[in-house]
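We name chains A, B, ... by the order of the sequence lines, and we start the count at 1 in each one. Only heavy atoms go into these numbers, but all of them, side chains included; no hydrogens, no water, no symmetry mates.
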Protein chains: 2
Amino acid sequence: MRADSLQVLLWQRALEPHAHRWSLPGGRLGATEDVETSIKRQLAEKVDVRQLSHVEQLAVFSAPRRVPGERVVATAFLGLVPSDVDPGLPADTRWHPVDDLPPTAFDHDSIVLRARHRLRSKLSYTNIGFALAPPEFTISALRGLYSAALGYRVSATNLQRVLARRGLLEPTGQTAAPGRAGGRPAAQFRFVEASMSVTDPFAVLRPPNQARTGGPS
Amino acid sequence: MRADSLQVLLWQRALEPHAHRWSLPGGRLGATEDVETSIKRQLAEKVDVRQLSHVEQLAVFSAPRRVPGERVVATAFLGLVPSDVDPGLPADTRWHPVDDLPPTAFDHDSIVLRARHRLRSKLSYTNIGFALAPPEFTISALRGLYSAALGYRVSATNLQRVLARRGLLEPTGQTAAPGRAGGRPAAQFRFVEASMSVTDPFAVLRPPNQARTGGPS
DNA sequence: ACAAAAGTGTTTTATTTACACCCATGA
DNA sequence: TCATGGGTGTAAATAAAACACTTTTGT
């Protein structure tokens, strides 16, 4: 998934079934690999994407007739690529805005919706933004990424503060040159951590402050 | 999973591999069923559990050698049974406290941990409590269930208020008789909804109040 | 009357959103 | 010096946790 608007990488099927429709990249699980290794391999081999910043399981899709012919059970993944990475793509492969998908093969549209939902949720309560952003960025660039992914305009001020309070951001000391129109140069930041973790431990029904009164932990 | 303490239903393997160790119920996916139908069928047929209040996918476990012999890819589920339901169990099958598991077969202990984590999280931001509780209950009974599942003592006062504010609870009008020691009779409640939904839309980075300033929804 | 359990009122604390205002730069 | 972003200070809003206190029952 990528930036400016949130995008998915799809390839256009040449053959039946569902010729000409757009498909999520993937393939068969090999005998000696687990599903995550497998999806990474497929992405590298088939669409030449090797710079995934984050990968996680979404769900298993297993309706008996989800695909014509032999029965196929698929494990769907959410895989993210930073906005500054632009892998060279094969001819039949293209990025598509998530909010404006072409006709998709099989149940792939519902898989994409599920991925979008997962990403949106995690932007709120984890540091998953690191997976969308370049190594260094200004707050307003980051704001753009969050806005694109979430589908509504995020306030740069508040984004700053939420991420800062959680200790996710770190100034690099550098500043970015202003555009031709002028304006104060923006400070550059980076994410402190480059792997996903939950940063907003669920706000509700949290353990009591003081003594642990109750049962086993 | 069940109540007083949170428990998992396990059966003891008679045969190798991993004879005598305890196993999560499950089995092979049939040709004409999806994974959720399949796990419900397995639970009904093999351990006679038919009253699941909630079922959801957890994750796929696919390490090539997670099970000796032929390669097995498993889709793990979280399945909940209300605390008042006590299904008759086969002889080799028993409930075990999640915090004190016997030696388990294969990677089943990590599956159970994952399930516990999922349940604990969802107790905070969804109405999933309905799946643990009987049709009608007092707040203090519900407090007991939440405490057992979460592993720490939850305040009845605050649990009340959080669930009430969200509109999840509904008084039945009935009251429960006090115990032998006296005390004010407790009002009975029920959950308004009996299927899971997210009730605490993530608090952070939510859309602006007023105009929708930004991009596509 | 008193103990026990339930339930309500109120204060405190945490955290975010909203908004006004100040800062640094280019033309 | 003014337009254009960038950044900070501060107030308002929200929601939950903590705790004191009242209510209703059995003995």
Side-chain angles (χ1 to χ4, degrees), chain A residues 123-125 136-144 146-147 150 152-189 198-214, chain B residues 123-125 136-144 146-147 150 152-189 198-214:
Chain A
L123 281 171
S124 238
Y125 68 93
E136 299 191 0
F137 48 83
T138 64
I139 296 297
S140 72
L142 191 64
R143 189 257 303 260
Y146 273 74
S147 298
L150 290 171
Y152 53 80
R153 186 150 297 284
V154 171
S155 143
T157 301
N158 294 334
L159 180 62
Q160 232 280 29
R161 282 206 254 234
V162 168
L163 299 185
R165 162 193 291 271
R166 294 180 178 169
L168 303 189
L169 296 183
E170 185 173 72
T172 65
Q174 309 283 80
T175 59
R180 28 203 148 340
R184 176 172 170 175
Q188 303 242 108
F189 292 84
V198 173
T199 57
D200 188 35
F202 299 102
V204 177
L205 300 179
R206 60 175 166 281
N209 273 346
Q210 316 258 353
R212 179 134 312 191
T213 12
Chain B
L123 282 171
S124 240
Y125 69 92
E136 300 191 0
F137 48 83
T138 65
I139 296 297
S140 72
L142 191 64
R143 189 258 302 263
Y146 273 74
S147 298
L150 290 171
Y152 53 80
R153 186 150 296 284
V154 171
S155 143
T157 300
N158 293 335
L159 179 62
Q160 233 278 27
R161 282 204 251 231
V162 168
L163 300 184
R165 162 193 291 272
R166 294 180 177 170
L168 303 189
L169 296 184
E170 183 173 76
T172 65
Q174 310 283 78
T175 60
R180 28 207 147 332
R184 176 170 169 173
Q188 303 244 104
F189 291 84
V198 173
T199 57
D200 188 35
F202 300 103
V204 177
L205 299 181
R206 59 174 166 280
N209 273 347
Q210 315 259 354
R212 179 136 308 195
T213 13

How would you label the contact of [X] with the nucleic acid (heavy atoms, under 4.0 Å): base, sugar-phosphate, or nothing?
{"X": "B:A187", "value": "sugar-phosphate"}
{"X": "B:A156", "value": "nothing"}
{"X": "A:S140", "value": "sugar-phosphate"}
{"X": "A:R166", "value": "sugar-phosphate"}

Atom [atom1] in [X], atom [atom2] in [Y]: separation rounded to 0.5 Å?
{"X": "B:L150", "Y": "B:R143", "atom1": "CG", "atom2": "CZ", "value": "12.5 Å"}
{"X": "B:F189", "Y": "B:L168", "atom1": "CZ", "atom2": "CG", "value": "12.0 Å"}
{"X": "B:L142", "Y": "B:L159", "atom1": "CG", "atom2": "CG", "value": "5.0 Å"}
{"X": "A:R165", "Y": "A:T199", "atom1": "CZ", "atom2": "OG1", "value": "12.0 Å"}

Worksheet entry | A:T175 and A:Q188, any side-chain heavy atoms less than 4.5 Å apart | no

For [X] and [N], give me the distance from atom [atom1] to atom [atom2], rounded to whole Å.
{"X": "B:R153", "N": "D:dA17", "atom1": "CZ", "atom2": "P", "value": "16 Å"}
{"X": "B:R184", "N": "D:dT25", "atom1": "CZ", "atom2": "C1'", "value": "10 Å"}
{"X": "A:D200", "N": "C:dT16", "atom1": "CG", "atom2": "P", "value": "6 Å"}
{"X": "A:N158", "N": "D:dA11", "atom1": "CG", "atom2": "C1'", "value": "13 Å"}
{"X": "B:Y152", "N": "D:dA17", "atom1": "OH", "atom2": "P", "value": "8 Å"}
{"X": "A:R143", "N": "D:dG7", "atom1": "CZ", "atom2": "P", "value": "11 Å"}
{"X": "B:R180", "N": "D:dT24", "atom1": "CZ", "atom2": "C1'", "value": "18 Å"}
{"X": "B:L163", "N": "D:dA16", "atom1": "CG", "atom2": "C1'", "value": "12 Å"}

Item to complete: Counting heavy atoms from C-beta on, name the nucleotide in D:dG7, D:dT24, D:dT25 closest to the side chain of B:P178.
Response: D:dT25

Worksheet item: Out of D:dT24, C:dC23, D:dA17, which has the shortest distance to the side chain of B:P185?
Response: D:dT24

Worksheet, complete the sentence: When B:T157 and A:I139 are each assigned the nearest nucleotide of DNA chain D, the 5'-most assignment goes to A:I139

Worksheet, complete the sentence: Comparing A:L159 with B:R161, nearest DNA chain C nucleotide closer to 5' gives the residue B:R161

Practice prompt. Map A:R165 and B:F189 onto DNA chain C by nearest heavy atom, then report which one ends up closer to the 5' terminus.
Written response: B:F189

